[in-house]
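All remarks here apply to the structure that follows.
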Amino acid sequence: MVSKILVSACLMGHAVRYDGRAKPLVHPAIGRWMQEGRLVTICPEMSAGMPVPRPPAEIADAAGGEDVLAGKARVMELTGGDVTDEFLQAADNAVRLAVANGCRYALLIDGSPSCGSGFIYDGSFSGNRRAGSGVTAAALRQAGVEVFSDRDIDRLVERIGRTD
């Protein structure tokens with residue numbers, strides 16, 4: 001049985017990002033994985049009912065997704081709106097989908113306060129990056145799913161090659 005991969009919808013060309021755009025990931029493995037039936041697509045924020053487009057959001061106070069999951073940090077919009085509950089619901093939806101479909105891996109867009117797995121923004125809306133994970137990426141890791149960013153697709157290809 002082939003391992004399934006939960007993948008950010010924006011990487012698959014769906015215009016679901018906060019700014020109403022997609023960020024398609026072009027890589028030979030994507031087409032192969034699609035043909036093999038490995039990919040399970042989700043936009044966590046949309047699954048929680050958030051609109052497209054929507055105001056930019058960041059995890060406040062240079063915190064990370066683990067802090068949000070623990071109730072120690074909030075996810076705030078540039079406009080001042082608190083969207084923590086939506087991001088928690090988004091993470092829960094992604095974990096449930098991954099578990100229901102037997103996803104051992106996740107391929108997520110980096111930088112997102114939801115899907116970021118290598119870096120996120122520091123909460124100041126100034127474009128400053130910091131190492132860390134978004135809420136969904138942190139929740140997936142806690143559920144035992146191996147998370148890879150779009151920048152690490154070659155590492156995911158190698159990882160799958162060793163196990164499948």
Side-chain angles (χ1 to χ4, degrees), residues 1-59 64-66 68-69 75 83 86-121 127-164:
M1 184 167 183
V2 298
S3 299
K4 299 270 183 135
I5 306 162
L6 188 72
V7 62
S8 295
C10 60
L11 295 175
M12 298 303 296
H14 301 276
V16 295
R17 290 173 43 108
Y18 76 94
D19 58 6
R21 298 188 323 198
K23 195 165 185 180
L25 179 59
V26 178
H27 192 281
I30 297 292
R32 183 174 69 251
W33 291 338
M34 284 178 63
Q35 289 178 337
E36 294 170 352
R38 288 183 188 262
L39 300 182
V40 177
T41 303
I42 187 172
C43 171
E45 294 94 331
M46 285 198 66
S47 79
M50 296 182 79
V52 174
R54 56 189 169 271
E58 295 184 8
I59 300 171
E66 299 83 1
V68 176
L69 292 171
V75 183
V83 288
E86 290 88 339
F87 274 74
L88 289 169
Q89 182 63 58
D92 185 61
N93 293 346
V95 168
R96 287 176 188 268
L97 184 64
V99 169
N101 285 278
C103 296
R104 292 179 49 199
Y105 309 104
L107 179 61
L108 306 176
I109 185 76
D110 223 353
S112 160
S114 184
C115 294
S117 62
F119 76 89
I120 54 176
Y121 292 91
N128 294 327
R129 296 178 176 188
R130 62 178 285 287
S133 295
V135 182
T136 294
L140 287 165
R141 284 187 175 125
Q142 287 180 5
V145 176
E146 289 185 58
V147 178
F148 296 82
S149 79
D150 53 307
R151 297 174 305 124
D152 289 331
I153 188 169
D154 290 327
R155 206 165 49 85
L156 176 57
V157 169
E158 180 182 314
R159 175 74 174 99
I160 288 174
R162 289 194 313 259
T163 60
D164 284 354

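Quick note: residue numbers are just sequence positions, from 1. Predicted model only: the values in this text are computed from it and were never measured. Only this structure's heavy atoms are used, side chains among them; waters, hydrogens and symmetry mates stay out.
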* To do: Could you walk me through whether R17 and I109 pass side-chain contact (heavy atoms from CB on, under 4.5 Å), step by step?
  => CA-CA 10 Å; R17 290 173 43 108; I109 185 76; 4.2 Å; yes
* Within-4.5 Å side-chain heavy-atom neighbours: L140 and V95 -> yes
* Please confirm whether the backbone N or O of C10 pairs with a side-chain atom of S8, one donor and one acceptor, at under 3.5 Å? => no
* To do: Output, in order, the C-alpha distance, side-chain angles, deciding distance and verdict of side-chain contact (heavy atoms from CB on, under 4.5 Å) for V157 and W33.
  => CA-CA 10 Å; V157 169; W33 291 338; 3.7 Å; yes
* With the side chain counted from C-beta on, respond yes when E158 and D154 share a heavy-atom pair under 4.5 Å apart, and no when they do not. => no
* Minimum heavy-atom separation for A15 to G20, with atom names? -> CB-O, 3.4 Å
* Asked: Can you tell me if CZ on R130 sees more than 12 non-hydrogen neighbours from other groups inside 6.0 Å?
  -> yes
* Take I59 and I120 through the side-chain contact (heavy atoms from CB on, under 4.5 Å) test and state the conclusion after the steps. => CA-CA 8 Å; I59 300 171; I120 54 176; 4.1 Å; yes
* To do: Report, as yes or no, whether the 6.0 Å neighbourhood of atom CZ on R151 holds more than 12 heavy atoms from other residues, nucleotides or ligands.
  => yes
* Minimum side-chain heavy-atom gap Y121-R129 below 4.5 Å -> yes
* **Spacing of CG belonging to L156 relative to CG belonging to D150, to within rounding of 0.5 Å** => 11.5 Å
* Asked: Do P53 and D19 have side-chain heavy atoms sitting under 4.5 Å apart?
  -> no
* **Derivation and outcome, side-chain contact (heavy atoms from CB on, under 4.5 Å), residues H14 and C43** => CA-CA 9 Å; H14 301 276; C43 171; over 6 Å; no
* Asked: Is there side-chain contact between N101 and L97, with at least one heavy-atom pair below 4.5 Å?
  -> yes
* Taking all non-hydrogen atoms of both residues, which atom of A94 and which atom of I42 are closest, and how far apart? -> CA-CD1, 3.7 Å
* Structure fact -> dist S47:OG -> N93:CG (nearest 0.5 Å) comes out at 3.5 Å
* **Validation row: S117, D110 side chains within 4.5 angstrom (heavy atoms)** => yes
* State whether the side chain of R38 and the backbone N or O of S3 hold a donor-acceptor pair below 3.5 Å, judged by distance alone. => yes
* Once you round to the nearest 0.5 Å, how far does OG1 of T136 lie from CD of Q89? -> 10.5 Å
* Quick one: CG on L107 to CE on M12, what's the gap to the nearest 0.5 Å? -> 9.0 Å
* Asked: Do M50 and F87 touch side chain to side chain, with heavy atoms closer than 4.5 Å?
  -> yes
* Structure fact -> Separation between CZ (R32) and NE2 (H27), nearest 0.5 Å, reads 8.0 Å
* To do: Would you name the heavy atoms of V16 and M46 that are closest together and state the gap between them?
  => CG1-SD, 3.2 Å
* **Smallest separation among heavy atoms of V83 and A57, with atom names** => CG2-CB, 4.2 Å
* Asked: Nearest 0.5 Å, what's the CG-CG distance between L108 and D152?
  -> 11.0 Å
* Would you indicate whether the side-chain heavy atoms of L25 and V7 approach each other to under 4.5 Å? => no
* **Heavy-atom closest contact (A98 atom, V145 atom, distance)** => CB-CG2, 4.3 Å
* Determine the sole option in R159, R104, K4 for which the salt bridge (charged side-chain N to carboxylate O under 4.0 Å, His left out) test with E146 is passed. => R159
